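Comments concern the structure below.
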Amino acid sequence: AAHGQFNEPCGVCVNAAGLIIVADTENHRVQIFTRDGTLVRAFGSEGAAHGQFNEPCGVCVNAAGLIIVADTENHRVQIFTRDGTLVRAFGSEGAAHGQFNWPCSVCVDGDDNIVV
């Protein structure tokens with residue numbers, strides 16, 4: 001779908017600047033909009049490389065304004081700057097500590113810890 005359009009969006013959050021951040025799940029990307037619905041930017045594409053997504057589902061922002069994405073089908077979490085630059089990724093498929101099986105939601109607690 002074209003930028004600004006969705007295919008099964010799953011997660012949404014609003015950052016401190018009032019921008020609306022959407023995990024556009026079936027389009028394998030994140031899209032960011034102003035309050036009036038104007039597209040600011042979109043980032044990501046389908047794949048397994050760092051910075052790519054496979055059905056991202058959950059999205060949140062931390063105190064520093066970084067965008068945290070549950071990259072569900074890649075079994076990991078990825079963290080991006082406001083402009084979509086990858087900061088880091090963590091996790092892999094499995095049941096051990098630090099591994100995930102289809103993480104679908106993320107949030108940040110009061111101490112800025114990522115909760116998956």
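This one's a predicted model, so the numbers in the text were calculated from it and none came from an experiment. Along the sequence shown, residues are numbered consecutively beginning with 1.
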Would the distance check show the side chain of [X] and the main-chain N or O of [Y] forming a donor-acceptor pair, the cut-off being under 3.5 Å?
| X | Y | value |
| --- | --- | --- |
| Gln31 | Gly4 | yes |
| Thr72 | Pro103 | yes |
| Asp24 | Asn7 | yes |
| Asp109 | Asp111 | yes |

| task | Can you see which heavy atom on Cys104 is nearest to which on Ala70, and at what distance? | result |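 Smallest heavy-atom distance, with atoms named: C-CB, 4.1 Å.
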Note, [X] side chain near [Y] side chain (heavy atom, < 4.5 Å):
| X | Y | value |
| --- | --- | --- |
| Asn62 | Ile114 | no |
| Ile20 | Val12 | yes |
| Gln52 | His28 | no |
| Val30 | Val22 | no |
| Val106 | Val115 | no |

| field | Hydrophobic cluster identity match, Ile68 and Ile32, side-chain contacts under 4.5 Å | value |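 Different clusters: Ile68 never reaches Ile32 through Ile, Leu, Val, Met, Phe, Trp or Tyr contacts under 4.5 Å.
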| field | Shared hydrophobic cluster, Val14 / Phe80 (ILVMFWY, side-chain heavy atoms < 4.5 Å) | value |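 As far as the 4.5 Å side-chain criterion goes, Phe80 and Val14 are not connected within one cluster.
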Result block: side-chain N/O donor-acceptor pairs under 3.5 angstrom for residues 84-96, not counting sequence neighbours:
residue : atom : partner : partner atom : Å
Thr85   : OG1  : Asp83   : OD1          : 2.9
Ser92   : OG   : Gln99   : NE2          : 3.3

